[in-house]
Amino acid sequence: MRYISTRGKAPALGFEDVLLTGLASDGGLYVPETLPRFTLEQIASWRGLSYAELAFNVMYPFVEEAIPADEFRAMLQDTYAGFAHNAVAPLTQLDTNEWVMELFHGPTLAFKDFALQLLGRLLDYVLEKRQEHVVILGATSGDTGSAAIEGCRRCKNVDIFILHPYQRVSEVQRRQMTTILGDNIHNLAIEGNFDDCQQMVKDSFNNQSFLGGKSRLVAVNSINWARIMAQIVYYFHASLSLGGPARSLSFSVPTGNFGDIFAGYLARNMGLPISQLVVATNKNDILHRFISQNRYQVEQLHHTLSPSMDIMVSSNFERLLFDLHGRSGEATAALMAQLQKGPASIEDYRWQAARELFDSYTVDDESTCATIAEVYAQTEEVLDPHTAIGVRAARECRRDTSVPMVTLATAHPVKFPEAVEKAGIGVETSLPAHLSDLFDRAERYSVLKKDISVVQEFIQKNARI
Ligand SMILES: *Cc1c(COP(=O)(O)O)cnc(C)c1O
């Protein structure tokens with residue numbers, strides 16, 4: 001399998017190099033040159049497999065040149081054995097033909113564990129083979145940082161530096177990062193906001209000379225193809241659990257960077273029968289405005305009760321635009337340049353094609369809390385605010401009630417107590433057993449000035465290179 005850039009000018013790479021690269025050198029994102037396609041018979045034959053075995057069947061075509069089958073199988077067994085629920089991604093019923101798929105049983109209680117637990121093991125394997133060292137550098141406003149640290153803490157040839165805005169992440173989220181102690185783990189609290197952190201990370205990726213050629217930076221956000229790849233699996237898992245592929249399913253996905261829903265779009269292109277894919281957004285609704293009105297316009301960032309979706313520009317959207325433009329790198333590069341300048345739209349027939357693929361809906365904080373309360377009254381299930389947005393959108397956009405609708409439950413409600421409290425259901429969520437002593441654990445982090453040279457010096461001094 002070869003991977004190509006959405007902007008057409010960077011060299012095609014194999015899986016190993018795509019894993020170890022952030023953006024392509026032309027500024028684009030890497031996508032597979034061709035997707036594997038499975039027949040309905042093949043998919044049906046996977047019924048009854050464990051999550052790890054299913055993951056092997058879905059993902060192996062993407063990695064086969066880089067990793068022997070037995071090694072990859074073992075890696076997946078190990079990855080998903082670390083989840084707290086035997087089913088890995090259990091489905092819970094809310095109503096007739098309405099479900100949530102619980103993606104929060106990994107170590108950090110958010111769906112990002114599905115990909116980042118695997119990413120750590122992939123890095124370890126590939127770096128050991130190549131005898132190379134890398135530095136993971138990332139910025140986080142919450143879930144990505146802890147999932148990346150948990151996923152890569154045991155990697156031998158990796159040092160991890162995660163930037164978060166000082167005193168601007170919740171205490172649970174901070175402690176999930178700062179209580180994981182290790183020589184290769186560094187939490188940097190930056191005296192600035194999330195955008196400042198993000199900017200320093202971007203600038204460091206663009207000029208890595210501060211590493212002196214002894215290492216390179218690896219991205220852990222969803223521009224990294226391996227993250228998208230791992231998320232394709234649970235769409236197949238949901239289908240096989242609910243009578244597929246003989247019947248079709250619909251999905252509603254709480255969306256920020258467009259990574260999770262893009263994985264659903266790929267699952268459909270790989271042969272999985274999917275009826276509707278609903279893009280559920282909070283007040284940061286650029287994707288909803290594009291899908292409903294063909295208008296792509298960046299607005300100011302809103303802070304909401306669903307902070308993991310507080311994103312102005314969704315980077316993975318470029319991967320969809322590439323497909324909508326007949327996979328022309330030239331057309332995609334031109335469009336991305338235009339989007340930088342201001343509001344834009346695409347040709348009507350391309351937009352119509354996008355509307356065939358996706359529905360969308362936007363949910364404000366008030367409706368988020370009302371949905372948490374509504375679902376609690378109907379089922380006694382407590383949803384986290386991101387999942388509540390997904391369920392609201394699913395209920396509003398659903399076209400055919402005979403088709404099962406599955407909302408991806410992207411986080412455990414205990415991570416977002418503010419929204420649950422505002423919903424007024426009178427329930428206090430508690431930390432699961434493996435995190436019950438989170439507030440008693442020792443923390444370690446460094447507070448640094450909002451200055452890229454200070455951050456880069458810290459990395460030089462502390463990375464084991
Ligand atoms: C990251 C995250 C999202 C958004 O996922 P994308 O792949 O960026 O669209 C939604 N919910 C939660 C809880 C998250 O952590």
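The pair Asp323-Arg319 does not meet the salt-bridge criterion, since no charged nitrogen lies less than 4.0 angstrom from a carboxylate oxygen. Taking a cutoff of 4.0 Å between a charged side-chain nitrogen and a carboxylate oxygen, Arg7 and Glu318 qualify as a salt bridge.
Here the side chains of Thr140 and Gln173 are not in contact, with every heavy-atom distance at 4.5 Å or above. Taking the side chain as every heavy atom from C-beta outward, Tyr296 and Pro343 never approach each other to under 4.5 Å. Between Asn97 and Thr401, every side-chain heavy-atom pair lies at or beyond the 4.5 Å cut-off. For the pair Cys152/Gln117, no side-chain contact is recorded, criterion being any heavy-atom separation below 4.5 Å from C-beta on. Taking the side chain as every heavy atom from C-beta outward, Cys397 and Val278 approach each other to under 4.5 Å. Considering only heavy atoms from C-beta on, Arg2 stays 4.5 Å or farther from Leu13 through its side chain. At a threshold of 4.5 Å between non-hydrogen side-chain atoms, the residues Pro404 and Glu98 do not count as touching. Within the 4.5 Å cutoff, no side-chain heavy atoms of Ile160 are placed close to those of Val135.
Side-chain rings of Phe290 and Phe317 approach one another, their centers coming within less than 6.0 Å. Aromatic ring centroids of His164 and Phe194 lie 6.0 Å or more apart. The six-membered or imidazole ring of Phe114 lies near that of Phe83, with a centre-to-centre distance under 6.0 Å.
Between the side chains of Arg295 and Gln293, not a single donor N or O lies within less than 3.5 Å of an accepting N or O. There is a side-chain donor-acceptor pair under 3.5 Å between Asp400 and Ser402.
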**Item:** From CA spacing to verdict: ring-ring contact (aromatic ring centres under 6.0 Å, His included), Phe15, Trp225
**Value:** CA-CA 9 Å; Phe15 179 77; Trp225 163 255; 8.4 Å; no
**Message:** Run the side-chain contact (heavy atoms from CB on, under 4.5 Å) test on Leu19 and Leu123 for me, step by step, so that the C-alpha distance in whole Å, both residues' side-chain angles and the decisive distance to 0.1 Å come before the verdict.
**Reply:** CA-CA 8 Å; Leu19 177 72; Leu123 284 176; 4.0 Å; yes
**Asked** Passes side-chain contact (heavy atoms from CB on, under 4.5 Å), Ile149 versus Asn187? Steps please.
**Response** CA-CA 9 Å; Ile149 291 171; Asn187 279 287; 3.4 Å; yes
**Request:** Using the side-chain contact (heavy atoms from CB on, under 4.5 Å) rule, take Met59 and Leu76 through it: C-alpha gap first, then chi angles, then the decisive distance, then the call.
**Result:** CA-CA 10 Å; Met59 285 192 277; Leu76 292 167; 3.6 Å; yes
**Request:** Could you go through the side chain to side chain donor-acceptor pair (under 3.5 Å) check for Ser360 and His288 one step at a time?
**Result:** CA-CA 5 Å; Ser360 68; His288 172 63; 2.7 Å; yes
**Request:** Show your working on side chain to side chain donor-acceptor pair (under 3.5 Å) between Asp195 and Gln199 and close with a plain yes or no.
**Result:** CA-CA 6 Å; Asp195 288 330; Gln199 195 56 49; over 6 Å; no
**Message:** Under the criterion salt bridge (charged side-chain N to carboxylate O under 4.0 Å, His left out), I'd like the reasoning laid out for Arg168 against Asp196: C-alpha separation, chi angles, the key distance, then a yes or no.
**Reply:** CA-CA 12 Å; Arg168 294 194 201 194; Asp196 298 325; over 6 Å; no
**Message:** Does Asp260 form a side chain to side chain donor-acceptor pair (under 3.5 Å) with Tyr234? I'd like the steps, not just the answer.
**Reply:** CA-CA 10 Å; Asp260 216 4; Tyr234 43 68; 2.5 Å; yes
**Request:** Kindly determine whether Ser315 and Asn257 satisfy side chain to side chain donor-acceptor pair (under 3.5 Å), including the steps that lead there.
**Result:** CA-CA 6 Å; Ser315 37; Asn257 231 342; 2.9 Å; yes
**Message:** Evaluate Trp99 against Leu94 for side-chain contact (heavy atoms from CB on, under 4.5 Å), listing each step before the verdict.
**Reply:** CA-CA 5 Å; Trp99 306 77; Leu94 297 186; over 6 Å; no
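Met405 contributes atom CE, which lies 14.0 Å from atom OG1 of Thr96 (distance to the nearest 0.5 angstrom). Rounding to the nearest 0.5 Å gives a distance of 12.0 Å between CZ of Arg47 and CG of Leu54. Rounding to the nearest 0.5 Å gives a distance of 5.5 Å between CG of Leu118 and CE of Met229.
Applying the salt bridge (Lys or Arg N to Asp or Glu O under 4.0 Å) definition to pairs two or more places apart or across chains, those involving residues 353-369 are Asp359-Arg399. The salt bridge (Lys or Arg N to Asp or Glu O under 4.0 Å) analysis of residues 280-294, with sequence neighbours excluded, yields the pairs Asp285-Arg289, Arg289-Glu299. Within the structure, the salt bridge (Lys or Arg N to Asp or Glu O under 4.0 Å) test picks out the following pairs touching residues 373-389 (sequence neighbours left out): Glu374-Arg392, Glu374-Arg395.
Nearest approach of Gly145 to Ile162, heavy atoms of both residues: CA-CG2, 3.8 Å. Closest non-hydrogen pair, Asn269 versus Arg37, comes out as O-NH1, 2.8 Å. Considering every non-hydrogen atom in both Leu249 and Phe251, the closest pair reads CD2-CZ, 3.8 Å. Shortest non-hydrogen contact noted between Cys369 and Leu305 is SG-CD1, 3.6 Å. In terms of heavy atoms, Leu122 sits closest to Ala226 at CD1-CB, 4.3 Å. For the pair Leu287 and Ser314, the tightest heavy-atom approach, listed with the atom from each and the gap, is CD1-OG, 3.5 Å.
Remark: side-chain polar atoms of Arg247 are paired, donor with acceptor, to backbone N or O of Leu242 under 3.5 angstrom. No donor-acceptor distance shorter than 3.5 angstrom exists from the side chain of Glu16 to the backbone of Val126, with no hydrogens or angles considered. A donor-acceptor contact shorter than 3.5 Å links the side chain of Thr371 to the backbone of Ser367. Using a distance-only test at 3.5 Å, with no hydrogens or angles considered, no donor-acceptor pair links the side chain of Thr255 to the main chain of Phe258. Put simply, the side chain of Thr79 never gets that close to the backbone of Gln77: no donor and acceptor are under 3.5 Å apart. The backbone N or O of Leu301 lies less than 3.5 Å from no partner atom in the side chain of Asn284, so there is not a single donor-acceptor pair. Listed for the Arg268 side chain is a donor-acceptor partner under 3.5 Å among the backbone atoms of Ser275. With hydrogens and angles disregarded, a donor-acceptor distance shorter than 3.5 Å links the side chain of His237 to the backbone of Ala89. When atom types are taken as modelled, the side chain of Tyr51 and the backbone of Tyr80 share no donor-acceptor pair closer than 3.5 angstrom. Using modelled atom types, no side-chain atom of Asn294 and backbone atom of Ser345 make a donor-acceptor pair closer than 3.5 Å.
At most 12 heavy atoms of other shown residues, nucleotides or ligands fall within 6.0 angstrom of atom CD in Glu330. Around atom CD of Glu421, no more than 12 heavy atoms belonging to other residues, nucleotides or ligands sit under 6.0 Å away.
Ring-plane geometry between Phe72 and Tyr60 is classed as tilted, the angle between the planes lying from 30 to 60 degrees on a 0 to 90 degree scale.
For the pair Arg73 and Phe56, the cation-pi criterion (under 6.0 Å, within 45° of the ring axis) is fulfilled.
Test Thr304, Thr368, Thr362 against Asn282 for side chain to side chain donor-acceptor pair (under 3.5 Å) and you get one pass: Thr304.
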